[in-house]
Amino acid sequence: MQLRDLAEVFELGQQLFTAEKWPTLYRSWDDHELMAVFNGNSETCLVAVAGEKVVGFALGRIMEKPRNAWRYGWLLWLGVSPKFHRARIATRLLRRLTELFVAQEARIMLVDTDEQNRQAVSFFRRQGFGQAVRHVYLSRNLDDHPRAIERRFDGAEEDEQ
Ligand SMILES: CC(C)(COP(=O)(O)OP(=O)(O)OC[C@H]1O[C@@H](n2cnc3c(N)ncnc32)[C@H](O)[C@@H]1OP(=O)(O)O)[C@@H](O)C(=O)NCCC(=O)NCCS
């Protein structure tokens, strides 16, 4: 992936990672996220190109955990343009990214996605990923927090003045 691909990758990601498809907000696709991943890990960010057009991407990073000698290769975002689905583009991107991770001495590769994302889960299983670990995201509405009420109250008073 090159700097000039950023706009196309961003646009494709916006088509694929829509809010209703991705209810968990712990990771969201936005320009800051994309820039941060690309700036820190350009050598493990890949695109698939058909003609002049970007039709797929795989964005990964090497991760080291404190007090753990193992290196992990984490596939953060993978996407293929719907018109090109089931043409083995993701398979090829994943294969290349895996080679890059191995070259950087990663010993485990991690991927994650929403449990309901059937196409991604089938894809990853087909690629040999297993040992799924469930993770629960809990949320709490902070509108009732005393500070939030205070802030709304202060804002309303300012509006009146
Ligand atoms: C998941 C995704 C990347 C797969 O891309 P792709 O290029 O179509 O995948 P491939 O053609 O390499 O598929 C290889 C195999 O994975 C499985 N697979 C892929 N898409 C599937 C689907 N929609 N349903 C069931 N199995 C699927 C199949 O076993 C397939 O082999 P087959 O076509 O011979 O049956 C693509 O569907 C996508 O961009 N989804 C939206 C974004 C997303 O969910 N990203 C993943 C999390 S970041």
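Whatever order the structure lists them in is the order used to number ligands and atoms, beginning at 1. Since the structure is predicted, the reported quantities are computational estimates derived from the model, not experimental observations. By convention here, the first residue in the shown sequence is residue 1.
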Which of the atoms in ligand 1, numbered in the order shown and given with their element, are less than 4.0 Å from a heavy-atom of [X]?
X      : answer
Ala87  : 11 (O)
Ser122 : 25 (C), 26 (N), 27 (C)
Ala120 : 1 (C), 44 (O), 46 (C)
Phe17  : 42 (C), 43 (C), 45 (N)
Asn117 : 43 (C), 44 (O)

**Prompt:** Does the side chain of Glu33 pick up a donor-acceptor pair with the side chain of Ser28 at under 3.5 Å?
**Reply:**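 There is no such pair between these side chains.
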
Does any N or O atom in [X] lie less than 3.5 angstrom from one in ligand 1, N or O only?
X      : result
Ala90  : yes
Arg86  : yes
Phe84  : no
Thr91  : yes
Trp77  : no
Asp112 : no
Gly79  : no

**Message:** Over 60° means perpendicular and under 30° means parallel, so tell me whether Phe17 and Phe57 are parallel, tilted or perpendicular.
**Reply:** perpendicular

Within-4.5 Å side-chain heavy-atom neighbours: [X] and [Y]:
X      : Y      : result
Arg126 : Thr91  : no
Leu110 : Met63  : yes
Val80  : Phe123 : no
Leu100 : Leu46  : yes

Just to be sure I'm reading this right: ignoring hydrogens, which of [options] gets closest to [atom]? Compare them by their nearest heavy atoms.
atom                    : options                       : answer
atom 47 (C) of ligand 1 : Thr113, Val121, Thr18         : Thr113
atom 29 (O) of ligand 1 : Gln15, Gln119, Arg126, Gln127 : Arg126
atom 45 (N) of ligand 1 : Ile89, Leu75, Leu76, Leu78    : Leu78
atom 13 (O) of ligand 1 : Trp29, Phe123, Phe57          : Phe123

**Message:** Tell me whether Arg107 contacts the main-chain N or O of Ala69 through its side chain, where contact means a donor paired with an acceptor under 3.5 Å.
**Reply:** no

**Message:** Is it the case that the side chain of Trp29 and the backbone of Phe10 share a donor-acceptor pair, with hydrogens and angles ignored and the cut-off at 3.5 Å?
**Reply:** yes

**Item:** Pairs where residues 63-72 contributes a residue and the test side chain to side chain donor-acceptor pair (under 3.5 Å) is met, not counting sequence neighbours
**Value:** Glu64-Arg71, Asn68-Tyr72

**Item:** Qualifying residues under side chain to side chain donor-acceptor pair (under 3.5 Å), relative to Arg96, sequence neighbours excluded
**Value:** Glu99

**Asked** Looking only at heavy atoms, is any part of Pro82 under 4.0 Å from ligand 1, and if so is it the side chain, the backbone, or both, or is it neither?
**Response** neither

**Message:** Show, in sequence, the C-alpha distance, side-chain angles and deciding distance for Gln119 and Asn117, and conclude whether the side chain to side chain contact (heavy atoms under 4.5 Å, CB included) test is met.
**Reply:** CA-CA 6 Å; Gln119 54 185 2; Asn117 187 351; 3.3 Å; yes

